[in-house]
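It should be emphasised that the depicted structure is a prediction, and the values quoted were computed from it without experimental measurement. Order of listing sets the numbers, starting from 1, for every ligand and every atom in it. All heavy atoms count here, side chains included; hydrogens, waters and symmetry mates do not.
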Amino acid sequence: MTTAHDAQALLQETFGMSPAVTVRAPGRVNLVGEHTDYAHLPVLPMAIDRALQVAIAPTDDPAVRVVSAGFDGIAELPRDGGSAAARGWQAYAAGVVQRMNDVAPGCGAVVAVAGDLPHGGGLSSSSAFSVGLMAALDAAWDGGLDRDTIAKRAAEAERTAGVETGGMDQQVIAHALAGHALRIDFYPFQHRPVPLPAGLAFVVASSGEDAPKGGAARDAYNGRVIGMRLATAVLAEKLGVEPSFPLRLGDIAEIDVVDLLAEELQPHGTVKEIGDQARIPISKLARFSVGSWEIDRPAPVRGVALHILSEAERVNAAVAALEAGDLKAFGETLNGSHQSLREHMECSTGRLDKLCAAMRRAGAFGARLTGAGFGGHALAACPPGAVDGVIEAAQGVTGGAPAFPVEASGGYEVV
Ligand code: NG1
C-alpha cells in the first residue's frame, strides 16, 4: 500500500523540497451506468480505497514541474500555457495547469505523485491524477476553488488531452462519501449518496489487457461519443425536437419515449450522411473539445443508443435494489449491463467476458466490465464470504493478473 509518505519522499528526492500539502485522490469503480455520462444520463460509481497521493510545494518561478512514480520523466509546464507539445501523462498535467491559468498567475510549484491505483483502464487513474493535481495546485496557491469547480475544470482539462470524457470520474472523486455509492445525474446536474447495504462486498480484477487512453482505446471511446451524437440527431429529428449542442441522448426527451424509436436506427453512420439527413451542420456533429471525428468515417449508432438507453434504466433499478437491500436484483443489473456492453456497445473483450463469467460462478451476485472497456478491469459484487473465491477464480482466468477487494471510500482529501 502506498502512503502519502512515498509521494513526499519522491518530492524531496527529486526537487529537494518538503510538501506544503499532500492530496489523496481516490480511483473509482463504476457500479453501473457505463457510457452514459457523456449522454447526460445517470451513473452510479463509488470511490475506492486505492488512490494517488499528490505532494506539492509552491515556488516563485512561473512553472509547474511534476514527477510521477508510475511514469518516466519530469513534466516541465510553463504558467503561460505554452505546453501544447506535452504527450501521454504529461498532456494531462499540461491540461490541468492550463485550466488553472487564472489562479495565482506567476506562481509555480513542484509536485510528486505516487500511489497504489493501477493505471491501464477502468479505475480512473487519469481523473485521480487530474483532480488530485488540480486540488493540490489550488491548495498550494490558495485558490479557494470549491469541489464542483475542481471537478468541472479537471474534466475540461482531460478533454484538452483528447478524450471526450463525460465527467463522472471527476465528480465522484470530488464528492464521494465513504460507505456509499454516488448517483450522479447530469441533466439537471445533481448527486446523491446511496448507502451500500451490509452483506455486499466488491472485487476488482484486471483482465491483463491494458486499455490506456493514449491510443486505440481513446479512439474507440471517442467513436462511441460520436455514435451517440449521430443517434441523437436522428431521434431528435424523428421526434420534432430542436436539439441543443453538443447533442446528448439524455437531453431530447424522456428515455422511454426515445427508447421506442431507437430500434429503427441504422447500425452505423457517418457524420456526413447523418448531418445531411438530419439537416445539422457537420461541424456541430464532428467537433470535439480538441480535434474532430472524420466526416466520412463510420461510427456505431444503433447499438450505442440501445445500450445507453437501457443502461440508464439499469441505474434506476440498481439504486432501487440497493435501497431495498435486494442484492440478487442488484447483481442482475450488473450482469445485464455487461451483456449490453458486449452485445450493443461492443466494448468488451473475450478476456473480460470470461473473467466476469468466472467471478459469477465463484458466487458473485453479478459481474461486469467497469470503465470504458476495450480491456482494463472488471468488477464483481459478492457476499463478503465469497471474496477469496472470486479473486481466485479471476486469477485462474487471467493467469494471475491483479485482483483485489475494494471498499467505498470518500472523495479527495487535502492534508
Ligand atoms: P475510464 O475508462 O475509467 O477512464 C471512461 C470515462 C468516463 C465514462 C467511462 C464509461 C474518462 C476519463 N472517463 O472511464 O467519463 O464515460 O469511460 O462509462 O475518459
Side-chain angles (χ1 to χ4, degrees), residues 25-48 50 52 89 91-92 95-96 117-134 151-174 182 184 186 204 206-207 209-229 246 248-250 288-290 304 307-308 310-312 314-315 334 337-338 340-341 344-349 352 368-379 406:
R28 68 99 181 87
V29 287
N30 191 12
L31 304 186
V32 69
E34 214 62 89
H35 286 274
T36 48
D37 59 351
Y38 54 77
H40 269 181
L41 287 165
V43 291
L44 187 68
M46 70 182 203
I48 58 173
R50 296 270 184 142
L52 294 183
W89 72 274
Y92 288 87
V96 169
L117 177 62
H119 44 86
L123 300 182
S124 255
S125 57
S126 65
S127 300
F129 180 81
S130 305
V131 173
L133 176 58
M134 193 168 277
K152 288 196 178 114
R153 287 185 176 207
E156 288 160 14
E158 287 196 51
R159 288 183 200 118
T160 66
V163 187
E164 204 58 18
T165 166
M168 147 173 69
D169 304 348
Q170 301 81 5
Q171 290 295 341
V172 69
I173 292 167
L182 191 72
I184 308 173
F186 296 91
V204 161
S206 165
S207 65
E209 303 166 313
D210 271 3
K213 282 288 180 331
R218 173 170 77 188
D219 194 52
Y221 180 90
N222 286 348
R224 301 316 187 264
V225 176
I226 287 293
M228 181 278 298
R229 289 192 193 158
R248 294 192 171 98
L249 267 178
F288 288 134
S289 303
V290 285
V304 168
H307 167 74
I308 291 176
S310 64
E311 188 76 352
R314 279 185 289 272
V315 173
L334 271 61
S337 171
H338 186 81
S340 173
L341 288 162
H344 293 312
M345 203 58 154
E346 298 181 81
C347 66
S348 187
T349 63
L352 280 165
R368 57 183 288 275
L369 71 85
T370 186
F374 316 107
H377 288 80
L379 166 76
V406 290

Judging by distance only, is a nitrogen or oxygen of [X] under 3.5 angstrom from one on ligand 1?
| X | result |
| --- | --- |
| Gly371 | no |
| Glu158 | no |
| Thr165 | yes |
| Tyr38 | no |

Under 4.0 angstrom from ligand 1, any heavy atom of Glu164? no
Hey, are the side chains of Met46 and Val406 touching, using non-hydrogen atoms and a 4.5 Å cut-off? yes
Validation row: Phe374, Asp219 side chains within 4.5 angstrom (heavy atoms): no
Considering the heavy atoms of [X], write down every atom of ligand 1 situated less than 4.0 Å from one of them.
| X | result |
| --- | --- |
| Ser127 | 12 (C) |
| Glu34 | 9 (C), 10 (C), 18 (O) |
| Asp37 | 7 (C), 8 (C), 15 (O), 16 (O) |
| Arg28 | 1 (P), 3 (O), 14 (O) |
| Ser126 | 12 (C) |
| Gly122 | 2 (O), 3 (O) |
| His35 | 10 (C), 18 (O) |
| Gly166 | 15 (O) |

Check whether any side-chain N or O of [X] sits under 3.5 Å from a backbone N or O of [Y] as a donor-acceptor pair, and report yes or no.
| X | Y | value |
| --- | --- | --- |
| Gln170 | Lys152 | no |
| Arg229 | Arg224 | no |
| Asn222 | Gly162 | yes |
| Ser207 | Gly376 | yes |
| His35 | Ala372 | yes |
| Thr160 | Ala157 | yes |

Is the closest basic N to carboxylate O distance between Arg159 and Glu156 below 4.0 Å? no
